[in-house]
Each structure stands twice: as structure tokens, then as C-alpha cells.
Amino acid sequence: MNSNNKPALNEIFEKALSGSKLFLKREALSFDYVPNKLLFRENQINLIAESLSPILRGAKPSNLILYGQTGTGKTATAKNVINALRNASDKTSYEIKLCYINARITGTEYRLLYELGRELKVNIPFTGLSIAEASSRIIEEIRDKKLFSILILDEIDFLVKQHGDKILYEFTRVGERLSTGSLSMVGISNDLRFKELLDPRVISSLSEEEVVFTPYSSTELKSILEERTSIALYPDSVSTGAISLCAGLAGSEHGDARRAVDLLRISGEIAERENSLKIEENHVRTALKRIEQDRVNDSLTSLPIHAKLVLLSILFTSNNKSTGEIYNEYSTLTNKCGMETLTQRRISTLINELDLLGLISAKTISQGRYGRTKKITVSIQISLIKETFSKDPILGEITNSLP
DNA sequence: CCTCCACAGGAAGCGCAGGAGT
DNA sequence: ACTCCTGCGCTTCCTGTGGAGG
């Protein structure tokens, strides 16, 4: 792309058309953008490409697992290699099918098969079939049409944590049993200890090859951001300080490129709204605050009604209260507004879910003689909760009666 | 050292929604 | 119309447990 200081003609027109003074190509700063050139991932790209390349000769490639924390470029790298493989496969006579599935979005075994079936053009209804029937339809299709298929399972650890490794076992078995065609898997996991959850048989088959993605360092993050901005923004529309700050903030935990890129994009949007011609550090700081607020707001509004009631109960009692005390308060609340009261067991899991969302913190502690319980504390700004819930048709009144 | 509190959290199963096949 | 399938939210029943007080 153009990186010289003189804007090309098309850039000027583009600018006029989009009305944006900053963004040339906003998508390049979106989290699912797959750049043509991935920085600092040459090794991984080569490893994956080598493992998958037998497919171009009509042989079964080995299964592999990609490990690494969020934002280390696993998905982007996988997609990058797949795109290249797709292009290369046009020149072969074998029919190669590539199927990318995110196991967190496609949460269940059946829907996994459904998605895979759709990619392979097998007729699998949205619901109604048994898992066995659905998978045998897929196997038949692969065998009959001699398909060479690669299934990329993103966030595979979610699937295993929720449903066990049964389906993975099935898939690896299928891969081994097929006489014509093939089915290979590329698993992508955020959890480095994910293998411990698997059956040894699945491990030996699934992780024939392993590729590890290490977190980016802040300097690497900086280079990545610079590369992306050169595509996404007009020249000279971001200060070096702002880039460093994005890289630093995102790198402080572990080198999370997704966070860095998101942060920069939102900073850009804020700068744009202020009619600023350059993204500065203060925009980044505002963006950081806004990301956090949006996240909280989203999870608050999408909470099921009983989870909201539990959260309110926590607000009505003071901090550091036990599950039992929260449950009592919750019961009086449900009675007050004439709703059914769920069991304490259920509330216990709701509390855990709220904890997982980062809205509250629930620590299990032991008080010896006085039992074992959780100490529950709200971990976000209370005013945010009040603000969101007071608009709620059912909970508005109760919320406003809060002290 | 043992006991026993006040829960945690696993397992099983129920009723329902939503949909396919017959 | 009827059977069969899965997912989901929930209940019921259950076993497990860290440590203060005896």
C-alpha cells in the first residue's frame, strides 16, 4: 500500500467519498480481518502449511493442534494458511473442502455436525436427527464423493469443557477409517492445559503435530499496529505515542494483538468524532474506558431476569455477604414482585456465572465451625448497574428503591 | 484429632420448545 | 397426528470439604 507522504489520487477521492478524515480502510482494524502478511508468525505458518500440504497430493494430512492465548494470532494464521491452500487447491484434481467452525459460537455437538454438513453440502436438518445419523451422513458423503476435507475447530477447549471429547474421538476415528477421501482436524485452543482433559487415544490421534503460539512482545505489537495502520488509516494520522500506548496497554497482561487492534480502532472512532485529524494518546485512554463500560453494559442488559435479581440482591445486602444471605434477600425480592423463586442450587450457579462475567467477585472461603461459603462482592461501579436496571420494565421500581 | 457447619458443586432427570421424518 | 431427537433451564438428591471450636 501507499506509505509515502503524498496521498495518491484515489486516496483523496476515497476520503471525499467516505467522509472519513482518518480511516482509509476501517476493516483492517477489525478483529476478524486476516492480513495477507502476518508478522512474527513465519515459523507457525510454515509448520501448519507443511502438515497440511499432503492434501494437495491427495494424501491425508496429519491432525494438528494450535496452542496459544487469546490474540496471539492463531485464528488469523490458520485462516491465512487456509486461504493459500484454497488457492493452491484450484490447480489440483482432488476436491478439497475446508470448513472453519468456531466451537464457542457453535456450542453443541449437533450444531457442529450441522455446520460441517452445510459446508460439505450434506443435507442435515437444523434439528431432528440423532448425532449418529448426522455423522454417518457426513462420512458417507466424504467417502462417496472422495472429498478431502479439513475441519478447523476454533476454541476447541470450549467444546471439550462443555461436552467432553466424545465428538473429537468420533472425528479422529472417522479420519482413520475412511478408505477414500479424508477428514483431518485442526484444533485451536486458548487453553494450554487443554490436553489434560482429553482421552489418551484422542491425544495421540489429534495432536500428531502441535504448534505453539507465544504471546507478542510490546515491540512486536507495535510493529503489528504500525503495519495495520498503514493499511487502515491515512498516512500520518496516528501519533507514535498513541501506538505505543495501545501496544503497552494490550501487552501489559499478555501480548494480545486483538485487544491492541480493537483499542486502536475505537481510539480512531473517538478521534474522528472529535474531528481530530490525528489519533493521540488521550483518545486511546478514552477508548479504554469506553471499551470497559460497553462490555459491562452489554453483559448487564443481556442478563436473564433471575441473574439480574441476584445482582440486585447483592446490592441490597452489603458487601462480603454469603450465598445464604444473598439467597434470602433474593427470595424476598421475588416475592415482592410476584415472581417464582428458584432454588438455592440454581442461584449458586447464577452467582458463579456473574463471577465469570466479572460483574461480581465470589470467593469460596471456609469459616471453620461456621461453614464453607462464598464471600460475594460487586466488582463494578454500582452506579452503572443502577443506571442500566432502572430502565428495566420489571426491575426499574426495585432498582430505584435502592439506598 | 475429630466434628460438624454451610455451603460447593457433580449427577441425573424432568418438562418444555422446536423441528424432522413418517 | 404421532414419534423421536436435542438443547435448555431448572429441580432434586447427593457427596465433598476447610478449618474453628470442642
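Model, not experiment: these values are computed from the prediction. Naming: A, B, ... by sequence-line order, numbering from 1 per chain.
The side-chain contact (heavy atoms from CB on, under 4.5 Å) check on A:Lys97 picks up A:Glu95, A:Leu120, A:Lys121, A:Leu147, A:Ser149, with sequence neighbours excluded. Residues passing the salt bridge (Lys or Arg N to Asp or Glu O under 4.0 Å) test with A:Glu119, sequence neighbours excluded: none.
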Nucleotides 14-22 of chain C: protein proximity per nucleotide (B base, S sugar-phosphate only, - neither; heavy atom, under 4.0 Å): ---BBBBS-

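Applying the ring pair (Phe, Tyr, Trp, His ring centres under 6.0 Å) test to residues at least two apart or on different chains, none of the pairs has a partner in residues 364-403 of chain A.
If you check residues 330-361 of chain A against DNA chain B, the residues with a heavy atom closer than 4.0 Å are A:Gln344, A:Arg345, A:Ser348, A:Asn352, listed by number. Less than 4.0 Å separates DNA chain C from no heavy atom of any residue of residues 310-327 of chain A.
The only member of A:Arg258, A:Arg259, A:Arg265 that meets salt bridge (Lys or Arg N to Asp or Glu O under 4.0 Å) when paired with A:Asp262 is A:Arg265.
Note on A:Lys374: a side-chain N or O is less than 4.0 Å away from OP1 or OP2 of B:dG9.
Within the 3.5 Å criterion, the main-chain N or O of A:Asn190 finds no donor-acceptor partner in the side chain of A:Glu155. Listed for the A:Thr229 side chain is a donor-acceptor partner under 3.5 Å among the backbone atoms of A:Leu225. With A:Glu50 contributing its side chain and A:Leu47 its backbone, the two residues share no donor-acceptor pair below 3.5 Å.
Dense packing is recorded around CG of A:Asn400, with more than 12 heavy atoms of other residues, nucleotides or ligands lying under 6.0 Å away. For A:Gln381, the CD atom counts as loosely surrounded, since its 6.0 Å shell holds 12 or fewer non-hydrogen atoms of other residues, nucleotides or ligands.
Nearest heavy atom pair, residue A:Ser299 against residue A:Leu359, reads OG-CD2, 3.9 Å.
Look at NE2 on A:His306: it is 10 Å from C1' on C:dC10, rounded to the nearest Å.
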